[in-house]
Amino acid sequence: MSVALGLRERARPSNLKVALKRTLGPGIRRLTRARELEPLLWGLGRDDEGFLVTGRGGIRLQDVLDRYGSPLFVADASRLDENMAAFRHVPPGARAGVEVFYSYKTNPVSGLLERMHAAGVGAEVISEYELWLAERLGVPGDKIVLNGPGQSQSAIRRAVEIGALIQLNHREQANLVAETARAVGRRARVGLRVVAPLGWGSQFGEPIAGGEALSAFRQLLGLPELDVVSVHSHIGGELATADATEAFVGAVLAFCVTLRKELDFVPEILDVGGSLACPTVTRPSEREQRLNRTFGIDVPPRNPSSVLGIREYVDIVVRRVEESCARHRWDRPRIFVEPGRAMTGNTQMLLCRVGALKSSGAAGLVHAVLDAGINVAEPLRNERHQIFVIGPESRTHEDYRLVGPICTPMDSLAWTRRLPRLTPGTTLAIMDAGAYFVPFSTSFSFPRPAIVLLDKGRATLIRRGETFEDLVGRDVTDGAPARATVARAVHA
């Protein structure tokens with residue numbers, strides 16, 4: 001067999017696969033159109049000219065984008081206030097509600113953190129930087145929880161000094177915290193992260209199963225430098241249903257029963273972490289991802305009403321804890337929650353622009369090249385977020401592959417997505433960008449965008465966009481800081 005013939009033989013299956021996709025894909029897509037979510041779910045509507053506007057204040061998103069540049073993060077203060085109020089809700093008949101500590105890693109934007117702290121929300125931090133930021137924003141030590149598997153000695157020392165609660169991730173941290181407490185001359189307030197069934201394990205926490213968590217608590221209680229006050233657990237992944245929440249909280253409470261029986265220890269604080277879902281974000285299954293890639297079938301959004309809401313979540317947690325306390329005649333512990341995604345996920349959007357359209361004969365799709373790629377929208381690679389055209393929508397819908405502006409095949413945001421017909425210059429709103437979009441953002445070939453807060457009918461800049469000078473400002477050449485030859489701000 002000649003080399004050329006061999007190459008042709010090897011190419012046939014691939015060509016057949018492409019042909020099948022092109023032949024079957026359009027018909028399958030017509031039969032499986034995904035139901036889209038409505039702008040009203042985010043408090044948005046359309047004005048008389050068809051432009052997206054905020055329902056509160058009537059701010060036209062196109063005007064905000066034109067003023068501050070594209071891409072642009074836009075946060076909605078009223079939605080954040082609503083989420084905070086839901087977490088502060090005290091269930092009917094309950095002795096108290098929960099105490100909220102926002103997960104800094106989720107969306108570490110000072111202007112938003114300040115708003116939450118002013119409303120009484122504490123800080124859950126996982127690094128020395130985040131601890132520094134919380135203090136800089138005026139959060140007192142007793143409103144800070146320090147978590148994480150890799151704390152530095154300096155972070156632990158500072159947490160001990162200010163009286164923050166240190167949730168130990170594993171027993172090996174205990175001696176370091178005890179030594180630090182001795183050096184500071186102050187007992188360290190600590191808890192321990194335990195892994196409930198179905199929760200994240202690996203580098204996180206001590207497993208309840210097998211007795212490791214119990215053994216670790218026995219060790220902690222034997223160290224006089226430690227004031228052991230808390231049981232901490234964080235399921236990881238996503239809590240989206242009442243049944244999952246009931247099972248998780250029940251498993252943690254069952255471990256507390258064991259602690260009482262074996263060690264005569266009842267926690268002053270029960271910290272059930274975060275992981276509450278954002279109702280309008282969908283995490284595609286493997287099957288949905290395969291169908292999307294093979295036949296271009298759009299991943300359908302889940303029904304937001306089927307997802308556990310914030311108030312319902314608080315009701316379940318408080319009820320289960322207070323029922324357990326009554327049954328076992330314990331004093332009610334303080335209940336800590338550490339929301340991230342559920343607090344800010346649906347309060348922020350990413351506005352961006354279609355830069356170009358490129359046809360692809362092999363895939364039968366048009367590539368929509370956005371000015372926002374994995375550098376600012378990395379979560380889109382694994383999550384389904386609602387996308388709206390900001391201006392008047394075409395009645396014709398087409399299938400697109402959404403990609404970013406970076407010169408790498410990794411810069412692919414959605415394999416196939418059905419949207420109103422796009423043209424170069426069309427502006428888009430990617431919803432639910434308030435969880436991990438900002439912290440995962442990078443300066444990969446482009447400066448990071450500005451962040452604007454919408455509040456009471458006004459748009460206010462709360463983080464300016466990076467400039468070219470920002471990107472090289474810490475570089476050193478010949479022993480001196482680099483100086484950019486061209487002064488140019490990316491955003492006003």
Side-chain angles (χ1 to χ4, degrees), residues 33-48 50-62 64-65 72-87 89 106-107 112 238-242 275-284 288 298-314 339-352 377 379-380 382-393 395 397 402 413-414 417-420 427-437 452-457 459:
R33 295 302 185 206
R35 169 186 53 83
E36 296 296 326
L37 302 179
E38 295 298 324
L40 187 60
L41 285 170
W42 291 269
L44 301 176
R46 292 194 180 272
D47 63 17
D48 293 340
F51 285 88
L52 272 182
V53 295
T54 60
R56 306 167 187 83
I59 300 175
R60 185 184 277 194
L61 297 183
Q62 186 66 53
V64 178
L65 189 66
L72 178 72
F73 287 111
V74 176
D76 186 336
S78 63
R79 293 192 64 80
L80 179 57
D81 292 345
E82 289 173 2
N83 289 348
M84 286 192 288
F87 273 111
H89 151 75
T106 307
N107 202 39
L112 304 178
E238 183 180 70
L239 283 174
T241 66
S275 294
L276 182 60
C278 176
T280 44
V281 172
T282 303
R283 296 185 177 184
E288 288 172 330
D298 205 353
V299 174
R302 61 184 171 189
N303 182 357
S305 64
S306 70
V307 180
L308 187 67
I310 296 173
R311 288 177 179 268
E312 293 77 16
Y313 166 78
V314 172
R341 182 185 303 275
M343 180 70 87
T344 57
N346 63 3
T347 69
Q348 191 164 290
M349 64 192 94
L350 174 62
L351 309 187
C352 60
L380 285 185
N382 301 300
E383 298 173 348
R384 199 263 192 202
H385 290 244
Q386 185 64 41
I387 300 174
F388 296 116
V389 172
I390 293 176
E393 294 181 314
R395 293 186 178 182
H397 286 64
L402 303 182
L413 302 177
R417 193 64 186 267
R418 189 163 184 79
L419 294 168
T427 50
L428 304 174
I430 300 172
M431 308 309 296
D432 302 321
Y436 302 106
F437 278 68
V452 170
L453 179 67
L454 305 183
D455 188 15
K456 298 178 181 177

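Numbers here simply count residues along the sequence, with the first being 1.
Every residue was checked against the side chain to side chain donor-acceptor pair (under 3.5 Å) condition with S306, not counting sequence neighbours, and none meets it. A search for side-chain contact (heavy atoms from CB on, under 4.5 Å) contacts involving E288 returns P284, S285, V299, P300, not counting sequence neighbours. A240 pairs by the side-chain contact (heavy atoms from CB on, under 4.5 Å) definition with E238, A277, R302, V307, not counting sequence neighbours. Under the side-chain contact (heavy atoms from CB on, under 4.5 Å) criterion, V53 pairs with D47, R60, sequence neighbours left out. Under the side-chain contact (heavy atoms from CB on, under 4.5 Å) criterion, A377 pairs with L350, L380, L413, F437, not counting sequence neighbours. In this structure, the salt bridge (Lys or Arg N to Asp or Glu O under 4.0 Å) partners of E393, at least two apart in sequence or on a different chain, are R46. Scored by the ring pair (Phe, Tyr, Trp, His ring centres under 6.0 Å) test, F388 finds W42 as partners (sequence neighbours excluded). Here Y436 pairs with F440 under the ring pair (Phe, Tyr, Trp, His ring centres under 6.0 Å) rule; sequence neighbours left out. Looking at residues two or more places apart in sequence or on another chain, you find no side chain to side chain donor-acceptor pair (under 3.5 Å) involving E312. Applying the ring pair (Phe, Tyr, Trp, His ring centres under 6.0 Å) criterion to Y313, with sequence neighbours excluded, gives no partner residue. In terms of the side chain to side chain donor-acceptor pair (under 3.5 Å) criterion, residue partners of T280 (sequence neighbours excluded) are, by chain and number, D432. With sequence neighbours left out, R311 forms a side chain to side chain donor-acceptor pair (under 3.5 Å) with H89.
For the side-chain contact (heavy atoms from CB on, under 4.5 Å) test with T427, the passing option among L65, L72, L61 is L65; the others fail.
The shortest distance between side-chain heavy atoms of Q386 and V281 does not fall below 4.5 Å. Here the side chains of V74 and Q348 are not in contact, with every heavy-atom distance at 4.5 Å or above. R384 is listed as a side-chain neighbour of P301, based on a closest heavy-atom distance under 4.5 Å. Considering only heavy atoms from C-beta on, T241 stays 4.5 Å or farther from L308 through its side chain. Side-chain contact between L453 and D76: absent, with no pair of heavy atoms (C-beta onward) separated by less than 4.5 Å. The side-chain heavy atoms of S78 and D455, taken from C-beta on, include no pair separated by under 4.5 Å.
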Handout entry: side chain to side chain donor-acceptor pair (under 3.5 Å) between N83 and N346, intermediate numbers included
Key = CA-CA 9 Å; N83 289 348; N346 63 3; 3.0 Å; yes

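Smallest separation of non-hydrogen atoms from G457 and I59: C-CD1, 3.5 Å. The two residues V314 and A86 come nearest to each other via the heavy atoms CG2-O, 4.1 Å. For M349 against A429, the heavy-atom pair with the smallest separation is SD-CB, 4.5 Å. Among all heavy-atom pairs drawn from L44 and M431, the shortest one is CD1-CE, 3.7 Å. Counting all heavy atoms, side chain and backbone alike, E36 lies closest to R418 at OE2-O, 4.2 Å. The minimum heavy-atom distance between T344 and G434, with the atom names listed, is OG1-O, 2.8 Å.
Separation of atoms CE (M343) and CZ (R341) is listed at 14.5 Å; rounding is to 0.5 Å. Within the model, atoms SG of C278 and NE2 of H385 stand 7.5 Å from one another, a figure rounded to the nearest 0.5 Å. Interatomic distance, CG of L419 versus CG of D298, reported as 7.5 Å (0.5 Å rounding). One distance of note links CD of Q62 with CG of L52; it measures 9.5 Å at 0.5 Å rounding.
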